[in-house]
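Below: the structure, in structure tokens.
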Amino acid sequence: MSRRAGTPTERRAPLSRDRVLRAALALVDRGGMESLTMRRLGQELGVEAMALYRHVANKDDIVDGMVDLVFSEIDLPAVEANWKTAMRKRSISVREALSRHRWAIGLMESRSNPGPANLRHHDAVIGNLRAAGFQMPMAAHAYSLLDSYVYGFAQTQMNLPFESSQGVAEVAQGVLQPFPINAYPNLAAFITEHAMRPGYDYGDEFEWGLDVILDGLERALGTS
């Protein structure tokens, strides 16, 4: 008797653009952008590299698609939502997405062929600000300021040589040990009195700074 074909769950899912992009996203999340090659991606999917070109044009097309997937994870501000609440929620959501996809920090605003989620995101942010009374130049200022803060904070946090107060102590010891004890008193005080306290997390600074920016935009909106 001939052997029956495997069940649908046993058979490999058919190749599609979405499946290619999601496999690429998982690959780059694990190994960084340098891990993304058509050959390696084909191996991840169990196909020859040439099979990928039925669904994506080239590596740039894949990166455009991956960036669009990251944008699709970010909370969209509704037009009718309170702008300050919406921008706060959206900024936190962007940072959370970037923490999951650290390779994307420098690529989110770099695409010359943005996908629908990317375009939808930008349109929603501008729409929410305009509905709140921001004139277009002021909306542009607000958008630029918020994104500069969010992406800049994410980049800084990603590059820090520590992740906890214990890590701060280890780094500080190596940095300050070669110098006289009073050479940098303010930096030493910052480290010992703040950064080395139990539970210190640099990431906690994000929302404090975000609220300062939002309060400033609210004041600017009131005087415009």
Side-chain angles (χ1 to χ4, degrees), residues 17-38 40-41 44 55-79 81 83-130 134 136-160 163 202-214 217:
R17 179 176 174 84
D18 182 69
R19 186 164 171 244
V20 170
L21 294 178
R22 292 190 182 279
L25 184 68
L27 175 63
V28 173
D29 282 345
R30 293 196 311 269
M33 284 299 297
E34 62 274 12
S35 67
L36 180 61
T37 66
M38 301 302 271
R40 178 73 183 277
L41 183 55
E44 291 285 313
H55 306 281
V56 293
N58 48 42
K59 186 174 175 179
D60 277 346
D61 188 26
I62 293 174
V63 175
D64 288 340
M66 290 193 304
V67 167
D68 211 53
L69 287 175
V70 177
F71 268 108
S72 73
E73 297 178 11
I74 300 170
D75 290 332
L76 284 178
V79 171
W83 75 268
K84 201 172 176 183
T85 301
M87 290 302 111
R88 190 178 197 278
K89 183 179 179 182
R90 174 257 173 190
S91 297
I92 291 171
S93 183
V94 172
R95 178 174 167 248
E96 290 173 345
L98 294 176
S99 72
R100 293 189 294 270
H101 311 290
R102 300 172 69 173
W103 56 269
I105 293 173
L107 294 174
M108 295 290 280
E109 302 297 335
S110 72
R111 313 320 298 164
S112 57
N113 294 296
N118 187 334
L119 296 172
R120 201 160 44 242
H121 177 89
H122 286 78
D123 186 73
V125 172
I126 295 167
N128 176 268
L129 292 171
R130 293 184 71 192
F134 285 79
M136 191 59 80
M138 185 63 181
H141 296 330
Y143 202 163
S144 177
L145 177 58
L146 286 165
D147 271 9
S148 296
Y149 178 69
V150 174
Y151 289 119
F153 192 99
Q155 184 73 55
T156 298
Q157 186 173 19
M158 183 179 72
N159 290 328
L160 288 175
E163 295 184 0
Y202 175 77
D204 293 340
E205 305 287 356
F206 178 76
E207 292 187 32
W208 189 93
L210 178 60
D211 288 337
V212 170
I213 290 171
L214 291 171
L217 288 173

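Note that the numbering runs from 1 along the sequence shown for the chain. Side chains included, hydrogens not; waters and symmetry mates left out as well; all remaining heavy atoms used.
For the atom pair CG of Leu98 and CD of Gln155, the computed distance is 9.5 Å after rounding to the nearest 0.5 Å. Rounding to the nearest 0.5 Å gives a distance of 9.5 Å between CG of Asn118 and CZ of Arg111. Between atom OG1 of residue Thr37 and atom CG of residue Leu27 there is a gap of 7.5 Å, rounded to the nearest 0.5 Å. From Ile74, atom CD1 reaches atom CZ of Arg120 across 11.5 Å, with rounding to the nearest 0.5 Å. The distance from atom CZ of Phe153 to atom OG of Ser148, rounded to the nearest 0.5 Å, is 14.5 Å. Distance NE2/His55 to CG/Asp61: 12.0 Å, rounded to 0.5 Å.
Gly203 and Arg95 make their closest contact through CA-NH2, 3.3 Å (heavy atoms, listed as atom of the first residue, atom of the second, distance). Of all the heavy atoms in Leu129 and Ala139, the pair that sits closest is CD1-O, 3.8 Å. The two atoms that bring Ala124 and Leu76 nearest to each other are CB-CD2, 4.0 Å, heavy atoms only. The shortest non-hydrogen separation linking Asp29 to Arg100 is OD1-O, 3.7 Å.
Side-chain N or O atoms of Ser99 include one that pairs as donor or acceptor with a backbone N or O of Glu96 at under 3.5 Å. The closest donor-acceptor contact from the side chain of Asn128 to the backbone of Ala78 lies under 3.5 Å. Ser144 places no side-chain N or O within 3.5 Å of a backbone atom of Ala140 that could act as its donor or acceptor partner. In this structure, the side chain of Asp123 does not engage the main chain of Leu119 through any donor-acceptor pair within 3.5 Å.
For the side chain to side chain contact (heavy atoms under 4.5 Å, CB included) with Ile62, the qualifying choice from Leu36, Val67, Leu25 is Leu36, the only one to do so.
More than 12 heavy-atom neighbours from other residues, nucleotides or ligands sit within 6.0 angstrom of NZ on Lys84. Annotation for Arg130: atom CZ does not count as buried by contact number, only 12 or fewer foreign heavy atoms lying within 6.0 Å.
Inter-residue side-chain proximity for Val150 and Met108 is flagged as unmet; no heavy-atom pair is nearer than 4.5 Å. Within the 4.5 Å cutoff, the side chain of Glu109 has heavy atoms near those of the His122 side chain. Using a 4.5 Å cut-off on side-chain heavy atoms (C-beta onward), Ile213 and Met87 make no contact.
Taking the six-membered ring where tryptophan is involved, the planes of Trp103 and His101 are perpendicular, since the angle between them exceeds 60° and thus also 30°. Taking the six-membered ring where tryptophan is involved, the planes of His121 and Tyr143 are tilted, since the angle between them lies from 30° to 60°.
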Practice prompt. Determine, step by step, whether Leu146 and Leu217 satisfy the side-chain contact (heavy atoms from CB on, under 4.5 Å) criterion, reporting the C-alpha distance in whole Å, the side-chain angles of both residues, the deciding distance to 0.1 Å, and the verdict.
Written response: CA-CA 10 Å; Leu146 286 165; Leu217 288 173; 4.2 Å; yes
Discussion item. Determine whether Arg40 and Ser35 satisfy the following criterion, side-chain contact (heavy atoms from CB on, under 4.5 Å), listing intermediate values before the conclusion.
Written reply: CA-CA 7 Å; Arg40 178 73 183 277; Ser35 67; 4.3 Å; yes
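Asp211 and Arg88 are joined by a salt bridge, as a carboxylate oxygen and a charged side-chain nitrogen come within less than 4.0 angstrom of each other.
Aromatic ring centroids of Phe134 and His141 lie 6.0 Å or more apart.
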